[in-house]
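Have a look at the structure below, then the notes.
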Amino acid sequence: MTDNKYKKNIGKINRVNELTKTSVLGLLSNLFLFMIKVLMYFFTGSMSILSEALNNLSDCSSSIISIMGVKFAQKPNDKSHPYGHGRIEYLITLVISGMVLVVGGNFVYFSFNKIIHPQALNYPFYTLVLLFLSLLVKIWQSGFYLKKSKLLNSLALKAQSKDSLSDCLITSVVLIGVIIQKFTGLKIDSYIGLLVALFIIYTAIELINQTISILIGKGLSEELRQEIISKVSSYEGISNVHSIIVTDFGPENIIVILDAEIAYNLSLEEAHNIVDKVEREVSKLLNIKLIIHTDPHGSASKLIEQIRKKLHIIIRENLNLYSVYDIVNDGDTFHIELDFNGRIIKDENAKEELKETVVKSLKEEFPDYNFVIRLLAVF
């Protein structure tokens, strides 16, 4: 979701150019590390160093994919894709993570084979110097990617920052292993290579899970959720902001739909002017596309107000119910929306029982009417 640093720089930066420059710098630095470690492998025969080289090569591929993906993601919307192509950035992250996973899997095999068939290795002193230099480059990369991911609100760069941070740990482990083997003679290189490979696989799976979570409909972060509620509620005439739904079509195309209450006795034009102002200003401030559905606050109907009071009593007596969102009258039927504790009430049977409890309580006081309850989960 939208990062605070990115919100402050909207309109001041060219996102495509910055993403491209960042990926190019990442490509060049990883290519540099790959060539150094391949040379080191030829001189030492170390599987752990070769694993580092292959990992850097996959990082080069990630940078190339990022450059291509950013260009595709910026394609304008068309008839087939009315909301643009921004989700390509999330697919890029999946591809990058998949490549890291393949590298890790292949190297599990290579390392295991070397454990079965060990070889004598030689580590010149410059090996330690070059590995330490590699560690410094990866520390710089991780910080650089993280800074740019916040500036540009890029999940792909955040993934690469995390990958680089993992590489720091991997290089540190390899460096320690080389020192131990050089000064003690213990043949632990292939075991370290296996450990590195397993860590690479773990990192890739974690990144894949994060990205898939967004693609299948991850909700707002609690920070952004509270910020939206705070900003919308701060406008005169708006109250009880709820039922927030988010659709993420890419970092620059996040659509947020919510319900907000406005006094029932305002004219349609007055209500429209309030909502239009809030949508426009909050959308620009938070770099989202805000859509507000209005619910009437209060009612000219004495019956609805009586039902509302009864609902407040029911809510106070039930720990799993929170508040009344909406009451709509349709003849002798009332459609009521309530929010409930989604962390406790999870299965459909429990939800139906909760609805029946509410309807039974309402029917005791209003036997001549029907009630249809809709429950909205709060986590």
Side-chain angles (χ1 to χ4, degrees), residues 1-13 15 82-84 86 150-151 153 217-302 304-305 307-309 311-312 315-316 321-329 334-342 374-379:
M1 296 303 169
T2 308
D3 188 275
N4 288 331
K5 191 170 183 180
Y6 178 56
K7 287 183 289 188
K8 293 177 182 178
N9 288 280
I10 297 170
K12 300 178 184 178
I13 55 176
R15 189 170 184 273
Y83 299 103
K150 293 179 178 179
L151 179 69
N153 194 33
K218 180 181 179 181
L220 295 166
S221 67
E222 187 59 27
E223 179 187 3
L224 183 55
R225 176 186 173 84
Q226 291 302 322
E227 189 170 12
I228 290 172
I229 292 173
S230 175
K231 297 299 182 187
V232 174
S233 300
S234 67
Y235 284 83
E236 186 176 353
I238 296 281
S239 63
N240 194 10
V241 177
H242 55 270
S243 301
I244 299 177
I245 300 172
V246 59
T247 305
D248 192 333
F249 290 103
E252 295 186 292
N253 192 10
I254 298 171
I255 299 175
V256 177
I257 305 171
L258 57 81
D259 288 4
E261 291 187 2
I262 294 181
Y264 77 94
N265 53 0
L266 290 178
S267 69
L268 179 60
E269 183 179 8
E270 289 172 326
H272 168 75
N273 289 341
I274 292 172
V275 168
D276 184 72
K277 177 182 174 66
V278 176
E279 288 178 339
R280 184 171 9 95
E281 294 182 356
V282 175
S283 292
K284 183 178 180 180
L285 180 66
L286 301 181
N287 193 41
I288 58 176
K289 294 181 180 177
L290 179 64
I291 300 172
I292 298 176
H293 168 261
T294 58
D295 292 331
H297 180 66
S299 173
S301 167
K302 292 183 179 180
I304 288 180
E305 287 305 299
I307 292 173
R308 190 185 301 275
K309 287 179 181 179
L311 286 168
H312 287 315
I315 289 169
R316 283 199 298 271
L321 289 172
Y322 291 150
S323 61
V324 183
Y325 277 165
D326 201 10
I327 304 173
V328 177
N329 179 220
F334 289 88
H335 297 267
I336 299 169
E337 291 185 351
L338 304 170
D339 65 355
F340 73 100
N341 189 341
R374 182 186 173 210
L375 295 178
L376 307 171
V378 175
F379 296 96

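Note that these values count all heavy atoms, side chains included, but never hydrogens, waters or copies made by symmetry. For reference, positions follow the sequence shown, starting with 1. Computed from a predicted structure; not experimentally measured.
In this view, Lys309 satisfies the side-chain contact (heavy atoms from CB on, under 4.5 Å) rule with no residue, not counting sequence neighbours. For Glu305, the salt bridge (Lys or Arg N to Asp or Glu O under 4.0 Å) criterion is met by Arg308, not counting sequence neighbours. The salt bridge (Lys or Arg N to Asp or Glu O under 4.0 Å) test applied to Lys277 returns Glu281, not counting sequence neighbours.
No donor-acceptor pair closer than 3.5 Å links the side chain of Ser230 to the backbone N or O of Gln226. Panel note: side chain Glu279, backbone Ile292; a donor-acceptor pair is recorded below 3.5 Å. Checked by atom type and distance alone, the side chain of His242 pairs as donor or acceptor with a backbone atom of Asn240 at under 3.5 Å.
Atoms CG and NZ, on Leu290 and Lys231 in that order, are 13.0 Å from each other to the nearest 0.5 Å. Put simply, CD1 on Ile304 and CD1 on Ile327 are 6.5 Å apart, with the number rounded to the nearest 0.5 Å. The CG atom of Asn253 sits 11.5 Å away from the CD1 atom of Ile288 when rounded to the nearest 0.5 Å. The distance from atom CD1 of Ile255 to atom OG of Ser283, rounded to the nearest 0.5 Å, is 10.0 Å. Here CZ of Phe334 is found 4.0 Å from CG of Asn329. Values are rounded to the nearest 0.5 Å. We find the CD1-NE2 distance between Ile238 and His297 to be 11.5 Å, quoted to the nearest 0.5 Å.
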Could you give me the CA-CA distance, side-chain angles and deciding distance for Asp326 and Ile336, then say whether side chain to side chain contact (heavy atoms under 4.5 Å, CB included) is met? CA-CA 6 Å; Asp326 201 10; Ile336 299 169; over 6 Å; no
If you apply the rule side chain to side chain contact (heavy atoms under 4.5 Å, CB included), what do you find for Asn341 with Leu321, and how did you get there? CA-CA 6 Å; Asn341 189 341; Leu321 289 172; over 6 Å; no
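Counting heavy atoms from C-beta outward, Ile245 and Leu258 have side chains that stay 4.5 Å or more apart.
The neighbour count for Arg280 CZ, taken as heavy atoms of other residues, nucleotides or ligands under 6.0 Å away, is above 12.
With Ile244 as the partner, the side-chain contact (heavy atoms from CB on, under 4.5 Å) test is satisfied by one option alone out of Asp259, Leu376, Ile229: Ile229.
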